[in-house]
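Here is the structure we will look at, set down as structure tokens.
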There are 2 protein chains.
Amino acid sequence: MSDLLARLRDRGWRLTAQRRVVAEVLDGEHVHLTADDVLERATARLPEISRATVYNTLGELVLLGEVIEVATDGRAKRYDPNAHRPHHHLVCSRCGTIRDVRPAGDPLADLPAGERFGFTLSGVEMTYRGVCPDCAGG
Amino acid sequence: MSDLLARLRDRGWRLTAQRRVVAEVLDGEHVHLTADDVLERATARLPEISRATVYNTLGELVLLGEVIEVATDGRAKRYDPNAHRPHHHLVCSRCGTIRDVRPAGDPLADLPAGERFGFTLSGVEMTYRGVCPDCAGG
DNA sequence: ATACTACGATGGACGAAGTCCAAGTCAATA
DNA sequence: TATTGACTTGGACTTCGTCCATCGTAGTAT
């Protein structure tokens, strides 16, 4: 955590109370929060924080590569603080909760040259879908 | 195409002019249109068609498994008429165009039991990212 | 052909998610 | 401790999508 704040300061970030709180919220629980979740938790610690600032800060963290934006459905984006460990996602089709997973193999290598259409590949996201134990009624 | 209309009638669909037009638009160009794209093209053929009907029809086609909903970014969903041939997507990070691709291997099998967290898996979506030849300046 | 009726279409209000902007505030620097 | 430009604020605005009461019509029966 303090690592994150240190990295941000090194990159010329002005360390405001608002940014600190957003970073703390993301780092606090390693779950995948929506912007509104972040706003709610941030407001608990710093009541005057505004929606715009939360969006701004999340966007900056994404640009800096400290946080990953996950759009698993057409709903609100979720923010994944686990950015420094490559992984994919497993999403519950009922309740929408997300787990980080690491499949075997190298999916990038699995795309044959004939299927690349001349693209220069930069990465691949995998989203596994299923029903979690809670929603399955187990 | 007439196949699609036939399948829909077999499933008890009332074949209205609006539904016919939406189906034709989707089947016409095999690209990945947004709901607004579909509305625009549908309006060209049937000026009185309403936004709600386009959304309703697209939703029904998705439920019937005739069309796949693709959410590659946080923006508008896109609708993929290539539903009967399993495939994944290759998205240009610059211009956003989408190509259908078929990677080798079975990504579902690549998720080890220890990484399934008790979920009952139903499928997996892969989104390859890269830059297309046009955008690469080639 | 005609009438009937339930299913589908309409459009406008509504809601959720996110962006933008002018004005005010404050962290870092000197 | 004064300065200043980067940051924050809140509210208006945009985009994408849903909902609903009312109207229209495809398919069926006669």
Side-chain angles (χ1 to χ4, degrees), chain A residues 5-25 32-43 45-64 66-80 96 98, chain B residues 5-25 32-64 66-80 96:
Chain A
L5 290 179
R7 282 200 298 279
L8 295 176
R9 194 164 26 227
D10 287 353
R11 304 210 209 190
W13 256 41
R14 189 175 282 191
L15 230 17
T16 67
Q18 291 85 346
R19 287 173 165 183
R20 204 183 306 262
V21 163
V22 169
E24 282 172 12
V25 164
H32 302 71
L33 302 173
T34 64
D36 262 359
D37 293 336
V38 173
L39 174 60
E40 185 183 320
R41 286 162 173 71
T43 301
R45 305 181 184 211
L46 187 67
E48 334 81 69
I49 195 170
S50 76
R51 178 178 307 271
T53 296
V54 169
Y55 275 102
N56 286 341
T57 306
L58 288 172
E60 288 154 2
L61 288 170
V62 168
L63 282 183
L64 290 177
E66 297 288 347
V67 159
I68 291 173
E69 220 171 50
V70 185
T72 53
D73 50 10
R75 317 287 315 229
K77 290 178 198 161
R78 291 172 177 273
Y79 293 87
D80 182 348
I98 303 179
Chain B
L5 290 180
R7 282 200 299 280
L8 296 176
R9 194 164 27 227
D10 287 352
R11 304 210 209 190
W13 255 40
R14 190 176 283 191
L15 232 351
T16 66
Q18 292 84 349
R19 286 174 166 181
R20 204 182 307 261
V21 163
V22 169
E24 282 172 12
V25 164
H32 302 71
L33 302 173
T34 64
D36 262 0
D37 293 335
V38 174
L39 174 61
E40 184 183 320
R41 286 163 174 71
T43 300
R45 304 181 186 211
L46 187 66
E48 335 80 70
I49 195 169
S50 76
R51 178 179 306 271
T53 294
V54 169
Y55 275 102
N56 287 342
T57 306
L58 289 173
E60 288 154 3
L61 288 170
V62 169
L63 282 183
L64 291 177
E66 297 288 348
V67 159
I68 290 172
E69 221 171 50
V70 184
T72 54
D73 51 9
R75 317 287 315 229
K77 291 177 198 161
R78 291 172 178 274
Y79 293 87
D80 182 349

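Distance from the side chain of A/Lys77 is smallest to C/dG18 among C/dG18, C/dG8, C/dT10. Between C/dA17, D/dT9, C/dA28, one nucleotide has an atom nearer to the side chain of A/Asn56 than all others, and that is D/dT9.
Counting non-hydrogen atoms under 4.0 angstrom, A/Thr53 reaches a base of the nucleic acid. Across all strands, B/Arg51 comes closer than 4.0 Å to no nucleic acid atom at all (heavy-atom distances).
Toward the 5′ end of DNA chain D lies the nearest nucleotide of A/Trp13, the other residue of the pair A/Trp13 and B/Ala52 mapping further downstream. Of the residues near DNA chain D, B/Ala17 and B/Ala76, the one whose nearest nucleotide (by heavy atom distance) lies more toward the 5' end is B/Ala76.
Rounded to whole Å, the distance from CG on B/Leu63 to P on C/dG8 is 13 Å. Atom pair B/Arg20:CZ and C/dA9:C1' shows a separation of 15 Å (rounding to whole Å applied). Distance, A/Asp37 CG to C/dG18 P: 11 Å, rounded to whole Å. Between the CG atom of B/Leu58 and the C1' atom of C/dG8 there is a distance of 15 Å, rounded to whole Å. Here C/dT25 presents its P atom at 17 Å from CD1 of A/Ile49, a figure rounded to the nearest Å. Atom CG in A/Leu15 sits roughly 11 Å away from atom P in C/dT29 (whole-Å rounding). The CD atom of A/Glu48 sits 15 Å away from the P atom of D/dG11 (whole-angstrom rounding). Atom CZ of A/Arg78 and atom P of C/dG18 are 10 Å apart (whole Å).
Looking at every heavy atom in both residues, A/Val25 comes nearest to A/Ala42 through CG2-N, 3.9 Å.
Under 4.0 angstrom from either OP1 or OP2 of C/dC26 there lies no side-chain N or O belonging to A/Gln18. Side-chain N/O atoms of A/Tyr55 include none lying less than 4.0 angstrom from OP1 or OP2 on C/dT19. The phosphate of C/dA9 (OP1 or OP2) has a side-chain N or O of B/Thr16 nearer than 4.0 angstrom. The side chain of B/Arg14 contributes no N or O atom lying less than 4.0 Å from OP1 or OP2 of C/dA6. Phosphate proximity of C/dA17 to A/Thr34: absent, as no side-chain N or O sits under 4.0 Å from OP1 or OP2.
In summary, the side chains of A/Asp37 and A/Thr34 do present a donor paired with an acceptor at a separation below 3.5 Å, with no hydrogens or angles considered.
Looking at A/Arg19, its side chain does come within 3.5 Å of a backbone N or O of A/Arg14 through a donor-acceptor pair. B/Arg11 contributes a side-chain N or O that, together with a main-chain N or O of B/Leu64, makes up a donor-acceptor pair within less than 3.5 Å.
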Show your reasoning for whether side-chain contact (heavy atoms from CB on, under 4.5 Å) applies to B/Gln18 and B/Thr57.
-> CA-CA 9 Å; B/Gln18 292 84 349; B/Thr57 306; 5.6 Å; no
